[in-house]
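Here's the structure, in structure tokens; my notes come after.
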Amino acid sequence: MRRSSTLLLSLAVVGGLTGTLPATASAQGRQDIPQSHPLWANAQAKVADTAPASKLSFRVYLNQRDNAGAEALAQAVSDPDSKTYRQYLSTDQVRDRFAASDATVNAVKAWLAGSGFSIGDVPSNRAYVEATGTADQTQNAFGVKLGKYRVKGQTLRAADKNLSVPANLAADVLGVVGVDQATNLFKPDHATGSGTPSDVAPGPGFRNARPCSAYYGEKIDTTDPAYNGQHLPYAPCGYTPAQLRSAYGVDQVGADGKGTTIAIVDAFASPTIYSDASTYAKKNDPQHPLKQSQFSQHVFPVNPVLEPPDQCDAAGWYGEETLDVEAAHGLAPGANILYVGGSDCQDNSLDEALNYVIAGHKADIVSNSYGDTGEDIPADEVKVFNQISLQAVLEGIGVYFSSGDNGDEVARLGTPSPDYSASAPWITAVGGTSIAIGKDGKRIFETGWETSKSVLTNGVYGPANYTSGSGGGTSRLFAQPFYQKGVVPDALAKKNQTGNTKGRVVPDISAVGDPNTGFLVGQTQTFPDGVYYDQYRIGGTSLASPVFAGIMAVADSFDHFHHGFINPVIYKLTSRTSAISDVKHVNAAVERVDYANSTDASNGLLTSVRTLDYQGLTIHTTPGYDDVTGLGSPNGLLFLLLV
């Protein structure tokens with residue numbers, strides 16, 4: 001669990017964090033960095049001191065100049081009613097106008113080098129200065145004592161009080177990330193695995209059992225007992241790229257994403273990614289191969305000085321990368337794919353990967369299928385991410401985040417919350433739907449993804465229990481952004497708020513996410529009889545984000561411009577056109593058969609009913625904007641024409 005971030009919000013351009021929180025004066029010409037001490041790092045939780053000689057790496061992020069001006073300009077270039085709509089800045093223009101100055105960078109580098117740290121590369125947008133050194137050097141530089149604290153079942157490093165910096169640098173420091181281990185590890189919710197990046201094998205194998213359907217409704221289960229008086233269709237075996245292109249109408253426009261680059265940000269890098277993705281395309285979409293010239297990757301090396309729990313489930317991230325690449329290429333087969341892999345799955349490492357894309361404008365669209373549970377996020381991390389995503393808006397880069405796979409997180413947190421980074425104001429949060437695609441490739445229906453499971457045991461179906469669903473809800477961290485005003489109902493915007501304040505509501509838009517109406521993927525996995533390529537059905541908003549990113553890449557090539565940050569446009573579309581399909585509740589369910597051991601029938605089969613858009617939750621699919629599917633889902637040609 002992340003530490004509490006009691007941030008003071010302002011109703012600025014998007015209601016996000018603006019500028020620097022006031023620093024508190026400290027002794028000897030130093031100033032504290034506010035909220036840089038985790039609340040759980042107290043005397044009762046301390047289990048040990050940090051060894052003085054232990055190594056760590058951290059980043060000192062730098063405030064940009066004129067943050068208010070940057071936010072105002074970001075709104076202007078993304079608002080279709082603005083005179084400067086789509087007049088994006090180049091990376092050089094953003095750097096020259098808003099980035100920290102060379103003098104500031106040199107001053108921070110000099111302070112860190114003088115404190116004994118080795119200085120890493122500074123990115124081209126001068127966002128941060130990275131340093132590596134010992135715990136003892138860190139304690140002296142920031143005026144703290146580092147210890148080991150037991151929290152939520154883990155032993156984490158943290159300082160005993162707020163970090164402080166020399167007073168002459170305080171106004172330039174946005175935050176420091178990496179001194180403590182307060183950040184909960186990002187992870188893709190759909191995948192599991194084990195190991196470390198240096199020796200990890202592909203994850204354990206998974207296959208879908210038969211019977212299943214080639215399209216929705218192809219096969220009906222007439223052998224098992226009826227469920228609520230109905231014999232149900234078997235779940236699809238996994239939709240192919242052609243089926244999803246048809247359902248979302250991107251196969252009728254004569255555009256395929258050519259001329260657009262989609263960046264995919266995850267942790268680590270699958271050693272078989274190009275082989276898997278190209279094999280998948282040959283098997284399932286032979287008219288649209290993934291050419292070697294279309295795919296590239298930039299992978300940050302694993303940091304050898306990091307301590308546990310900074311390493312994490314590499315094999316699980318291999319599955320995430322595979323899904324993201326195959327889904328994005330499947331929807332936009334002409335687009336270039338750039339995979340950027342973080343050195344580990346901590347927030348600051350994935351921020352580094354995202355900043356790499358933004359600082360060099362390496363892509364026009366960025367899909368991110370990961371997130372934190374809820375919004376209990378360190379203040380430094382929130383400020384850092386906001387600044388990176390703000391630069392993306394200024395440059396005309398669209399950044400998409402999956403909204404999460406656990407509804408409003410009540411089951412895991414005890415209180416409702418959207419997930420971060422999906423709740424951040426300068427990105428597009430993509431929720432999930434359950435979609436029925438017929439024999440002709442058209443949508444029979446599309447409803448919100450909130451699924452329950454009723455297991456068939458001895459001829460009787462058990463109770464319906466929630467399993468997973470589209471992340472959504474009202475932010476406590478961010479105020480209502482300008483683009484949601486007048487569109488999102490007050491009843492939603494005022495949830496989790498006090499008085500008349502309104503919060504950012506998630507998601508913004510949706511695409512297929514339900515694994516019971518999910519996507520067929522192909523991946524090298526570890527089976528009992530060896531390691532080899534095989535295929536299986538998968539879902540999650542980990543699917544919805546790259547699917548929607550692919551749709552936007554087609555829109556780029558169809559409209560002959562890059563759309564950038566689309567939230568201001570899509571919120572206006574709902575009141576003017578039918579370019580976005582309003583996703584509504586549908587009473588529907590599918591029968592699903594699974595292997596008990598995940599790979600074959602040797603240990604038997606498990607049969608269950610999966611109810612689509614389960615209603616036993618605190619968020620619901622409704623007419624109009626809702627906190628399961630947002631505005632709805634793209635409506636084919638109309639969406640591509642008008643977005």
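All values below were derived from every heavy atom in this structure, side-chain atoms included, with hydrogens, water molecules and symmetry-related copies excluded. Keep in mind the model is a prediction, meaning the values are calculated, not measured. For reference, positions follow the sequence shown, starting with 1.
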Donor-acceptor pair between [X] and [Y] side chains, under 3.5 angstrom:
X	Y	value
Asn355	Glu352	no
Asp405	Thr541	yes
Glu320	Ser542	yes
Gln75	Glu71	no
Arg150	Thr155	yes
Ser475	Arg504	no
Glu450	Tyr466	yes
Ser118	Thr132	no

Centroid-to-centroid, Tyr483 to Phe565, below 6.0 Å? yes
Got a sec, which residues hit ring pair (Phe, Tyr, Trp, His ring centres under 6.0 Å) with Tyr400, two or more places apart in sequence or on another chain? Phe548
I'd like to know if the side chain of [X] and the backbone of [Y] have a donor-acceptor N/O pair within less than 3.5 Å.
X	Y	result
Ser470	Gly432	yes
Ser101	Thr104	yes
Asn406	Glu409	no
Gln480	Lys502	no
Asp419	Ala422	no
Ser403	Gly471	yes
Arg157	Val179	yes
Asn496	Thr474	yes
His298	Gly341	no

Can Glu375 and Ser423 be said to form a side chain to side chain donor-acceptor pair (under 3.5 Å), step by step? CA-CA 8 Å; Glu375 292 186 312; Ser423 62; 2.7 Å; yes
So NZ of Lys109 and CD of Glu130: to nearest 0.5 Å the spacing works out to 12.0 Å
Taking it one step at a time, do Asp508 and Thr428 satisfy side chain to side chain donor-acceptor pair (under 3.5 Å)? CA-CA 6 Å; Asp508 297 305; Thr428 300; 4.9 Å; no
Salt bridge or not between Asp66 and Arg97? Use side-chain N to carboxylate O under 4.0 Å. no
Would you call Arg59 and Asp351 a salt bridge, taking side-chain N to carboxylate O under 4.0 Å as the test? no
Under the ring pair (Phe, Tyr, Trp, His ring centres under 6.0 Å) rule, what do Tyr420 and Phe401 come out as? Steps first, then yes or no, please. CA-CA 9 Å; Tyr420 179 86; Phe401 268 84; 8.1 Å; no
Could you pull out all residues at least two apart from Asp96 that satisfy side-chain hydrogen bond (donor to acceptor under 3.5 Å, both in side chains)? none
Can you list the residues that meet the side-chain hydrogen bond (donor to acceptor under 3.5 Å, both in side chains) rule with Gln139, with sequence neighbours excluded? none
